[in-house]
Protein chains: 2
Amino acid sequence: MANIREIAKEAGVSVATVSRVLNGHPYVKEEKRNAVWEAVEKLNYTKNINAVHLAKGKTSIIGVVLPYLNHPYFATVLEGISKEALRHRYHLLVFQTNYDVEKELEALEMMRMKQVDGLIICSHVADWGVIGEYKQDGPIVLCEDVRDQDFLSVYIDHYEAFTKALRYLIQKGHRHIGYCIGRTTGANSKARQAAYYDTLRQIGVEPRKEWIFDRCLYMEDGKRVIHEWMSLPEKPSALLVSSDQVAAGIVLWGKKEGVKIPADLAIVSFDNHPISEPLQITTIELPLALMGKKAFRLIYHYIETGNIARKTEKLSVRFIERSSV
Amino acid sequence: MANIREIAKEAGVSVATVSRVLNGHPYVKEEKRNAVWEAVEKLNYTKNINAVHLAKGKTSIIGVVLPYLNHPYFATVLEGISKEALRHRYHLLVFQTNYDVEKELEALEMMRMKQVDGLIICSHVADWGVIGEYKQDGPIVLCEDVRDQDFLSVYIDHYEAFTKALRYLIQKGHRHIGYCIGRTTGANSKARQAAYYDTLRQIGVEPRKEWIFDRCLYMEDGKRVIHEWMSLPEKPSALLVSSDQVAAGIVLWGKKEGVKIPADLAIVSFDNHPISEPLQITTIELPLALMGKKAFRLIYHYIETGNIARKTEKLSVRFIERSSV
DNA sequence: TTGTAAGCGTTATCAA
DNA sequence: TTGATAACGCTTACAA
C-alpha cells in the first residue's frame with residue numbers, strides 16, 4: 001500500500017503539502033492540490049488511520065460499556081449513543097461485560113492505552129474507586145445515578161420514578177406490594193430498593209423479602225415470577241416490575257394460569273416499550289435513547305472543548321396510566 | 001505519559017528488552033525482567049495501543065455493519081459475534097447504517113484505513129460490486145445469502161425456511177396466503193419473495209400484491225398490518241410474518257379488534273423469540289446468535305491463519321408448531 | 001505558499 | 001541474551 005511519501009514523490013511535492021491537501025488545509029496552490037489528488041487516485045492511496053491516531057493522540061472513538069447487547073434497555077441506550085456519534089463522525093467500540101469486573105477493567109484500560117477517547121458506562125459492577133482512577137486517562141460518563149460520587153453522568157432518577165409508582169399503587173388501595181429487579185447490586189436497583197423501603201415505612205407497612213423478585217431481565221423471567229407468585233402462601237396484590245419485557249411475561253403467562261390483571265395482581269412497570277400498549281400495562285416511560293444521546297453529547301463536548309458544560313443531568317420520566325392497576 | 005524509552009532508561013535496559021518483557025518474550029534475564037516491571041510500576045506506564053497498531057499493521061478490531069442496534073434480530077446476531085470476539089480478545093467497532101449506503105461505504109473505508117482487521121456485514125444495501133472492491137483490504141463476511149456472489153458468508157436459508165412455512169400452511173388448507181417483510185430490497189427479503197412466488201405458482205395460485213406488507217420490523221408495524229388486513233375487501237386467511245415481534249403485534253392488536261387467531265387469520269412467523277411462546281405463535285427458529293458466532297469464527301480463522309476454512313455455511317432452522325395455524 | 005525534519009510510541013530485524 | 005536502529009505512516013512546528 002502506498003504511503004504519504006510515495007504520494008509526495010508522485011505529485012512532486014513534500015509530504016507536508018500532501019497532508020495539507022488531504023486534510024483540506026488552506027494555503028495550497030490549486031495546481032499542487034490537483035497534482036496531489038491525481039497521485040492519490042493513481043496510486044489508489046488511503047490514509048493509515050493508526051498513524052493518524054498516533055500522531056494526533058486521539059482516535060475519535062468512544063467506548064461504550066454495557067452488560068448485554070440484546071436487552072431492549074441497553075440496546076436502546078446504545079442506539080441513542082450511536083445516532084449522535086454518527087452525526088459527529090465518531091465511532092463506537094462496544095464492551096459487552098456481562099457484569100464481569102474483568103471486562104469492565106479491560107474497557108478502562110483501553111482508554112489508558114488511548115484506544116478510545118472516552119468511555120460511556122451504561123451499567124457497572126466495579127468499585128467507584130477503581131473507576132475513578134481512570135478519570136485521569138479520559139472523560140467517563142455514567143448513565144446511572146452516581147449520587148455523591150464525583151463523575152459526569154446522565155441518568156434517570158429511579159428513586160423518584162419508583163416512589164411515584166408506589167404512591168400510585170398505595171393511592172389505589174394497595175398495601176401488599178412487591179417488586180421485581182434486574183439484579184440486587186447496581187445503582188438503579190439500589191435506588192429502587194431504597195424507594196421501596198422508604199415509601200413502605202412511611203405508610204407503616206413492613207417490607208417483605210419474599211415479595212422481592214431478583215434477576216428479572218427478560219420476558220422468560222416474567223414466567224418464573226408469576227409462577228413463584230402463585231406458589232406464595234401470602235401474595236402481594238401489586239407488583240412493581242423492572243421492565244415491560246418482564247411485565248409482559250408476567251401478564252401473558254399469568255393469563256394462561258387464569259391470573260386476572262389487575263383484579264388478582266396489579267402491575268406497574270418501566271420503559272413504555274411498544275409491547276406495553278396492546279397489553280394495557282401501566283408503565284413509566286424511560287427516555288433511554290435520549291439518555292444515550294445526552295451521554296454522548298456530554299463526552300463529546302468535553303473532548304472537543306476541554307471543559308465541562310454540565311456535570312450531571314437528571315432525566316424526567318413520564319407516567320402512563322393504562323389498565324393494569 | 002511515560003513511553004517505552006523512559007521505561008528503558010529507568011530500568012537500565014534497551015527499548016527492545018522492554019518490549020520483550022512487555023510482550024512476554026523469552027530470553028530475558030530474570031533480573032532485567034524484574035527491573036522493567038518495577039519501572040513500569042514506578043512510572044505508571046501503559047502501552048500506547050495506536051503505536052502497536054501502526055507497528056503491527058493490525059488492530060484486533062472487527063467492524064460490524066448492521067442497520068439497527070435496537071432490533072432484536074440484529075441485537076442477537078451482534079451479541080453472538082460479541083461473545084465470540086471476547087473469547088479471542090478481539091474488539092468490536094459497530095457501524096449502524098440505517099440502510100444508508102454512505103454509512104456502509106464508510107465502514108468499508110475504515111477497513112482500507114486499517115481501523116479494523118475485517119468486517120462482518122449483517123445486512124447491506126450497497127452493490128455487490130462496490131463491496132467486492134474492498135476484498136483486497138481485508139476479509140469480509142456476510143450474514144446473508146450471497147448466492148452466486150463470491151463472498152465469505154454464514155447465512156440462514158430464507159428461501160427454504162419460507163418455503164417450508166408456506167407448504168405447512170398449504171397443507172393445512174390455506175390458499176389465500178400473504179406475507180410481511182422487513183424491506184423489499186435485501187437478500188433475505190428477496191429470497192422470501194422468490195419462495196412465495198415459486199411455491200404459489202406450483203399450486204396454481206396467483207400471488208397478490210395487496211397481500212404483501214412491506215416495512216415490517218417492529219411490534220408497532222404489526223398493529224398497522226392487522227388494521228390494513230381488516231380493511232382489505234378480500235383477506236388472506238394466513239400470513240407469513242417476518243418476525244415474532246411483528247407477529248406479536250398482529251396477534252395482540254388483532255385480539256383487541258376481535259380477530260380470532262387462527263380461525264380468522266393463521267400466522268407463522270420467524271425467530272422463536274421468547275414472546276412467541278406465551279402467545280402460542282407457530283414460528284421458525286432462526287439461529288441468530290449462532291450465525292454471529294460462526295461469522296466471527298470465519299473471519300478470525302482467516303485473519304489468524306491467512307486461509308479460508310470454509311467459504312460459506314448454511315444454517316438450518318427449526319420449525320416450532322404451536323397453535324396460531 | 002512550501003519544504004524540512006522532529007515527533008508520536010511501538011515492533012522486529014540484525015548483529016553482537 | 002541483549003542493544004541499535006530501522007521501519008510503521010502520519011501531523012505539525014519551524015524556517016524559508
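Each chain gets a letter, A, B and so on, in the order its sequence line appears, and its residues count up from 1.
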A:His25 NE2 - C:dT2 P separation (whole Å): 15 Å
Less than 4.0 Å between a side-chain N and a carboxylate O, is that true for A:Lys311 and A:Asp150? yes
If I compare all heavy atoms of A:Leu217 with all of A:His71, which pair ends up nearest, and what's the gap? O-NE2, 2.9 Å
Return the minimal non-hydrogen interatomic distance between B:Cys143 and B:Ile120, and the atom names on each side. SG-CG2, 4.0 Å
Rounded (10°) bend between the five-pair end axes of the helix from C:dT1-D:dA16 to C:dA16-D:dT1: 40°
Tightest non-hydrogen contact, residues A:His158 and A:Ala191, listed as CB-CB, 4.2 Å
A:Asp117 side chain to A:Thr59 backbone, donor-acceptor under 3.5 Å: yes
Closest to the 5' end of DNA chain C, once A:Ala55 and B:Ala55 are matched to their nearest nucleotides, is A:Ala55
Among all residues two or more places apart in sequence or in another chain, which pass the ring pair (Phe, Tyr, Trp, His ring centres under 6.0 Å) test with B:His53? none
Within a radius of less than 6.0 Å around CD of A:Glu41, do more than 12 heavy atoms belonging to other residues, nucleotides or ligands occur? no
If you pin A:Leu22 and B:Arg20 to their nearest nucleotides in DNA chain D, which one's is more 5'? B:Arg20
Is the positively charged end of B:Lys135 above the ring of B:Phe151, judged by distance under 6.0 angstrom from the centroid and angle within 45° of the axis? yes
Identify, residue by residue, the members of residues 3-19 of chain A with a heavy atom below 4.0 Å from DNA chain D, and return them in order of residue number, or none. A:Asn3, A:Ile4, A:Arg5, A:Ala16, A:Ser19
Measure from NZ on A:Lys114 to C1' on C:dT10 and round the result to the nearest Å. 14 Å
Shortest non-hydrogen separation from A:Ser153 to A:Val146 and the atoms involved: OG-CG2, 3.6 Å
Contacts of B:Phe296 that satisfy ring pair (Phe, Tyr, Trp, His ring centres under 6.0 Å) - sequence neighbours left out: B:His88, B:Tyr90, B:Tyr300
Under 4.0 Å from a heavy atom of chain B: give me the 5'-most and 3'-most nucleotides of DNA chain D that qualify. D:dT1 to D:dG9
For B:Val125 and B:Asp100 the tightest heavy-atom approach is CG2-C, 4.4 Å
Over all heavy atoms of both residues, which pair between B:Met291 and B:Tyr155 is shortest? Give the atoms and the distance, please. SD-CA, 3.9 Å
Can you confirm whether more than 12 heavy atoms, excluding those of A:Tyr302, are under 6.0 Å from its OH atom? no
So, with a heavy-atom separation below 4.0 Å from DNA chain D, the residues of residues 29-52 of chain B are B:Lys29, B:Lys32
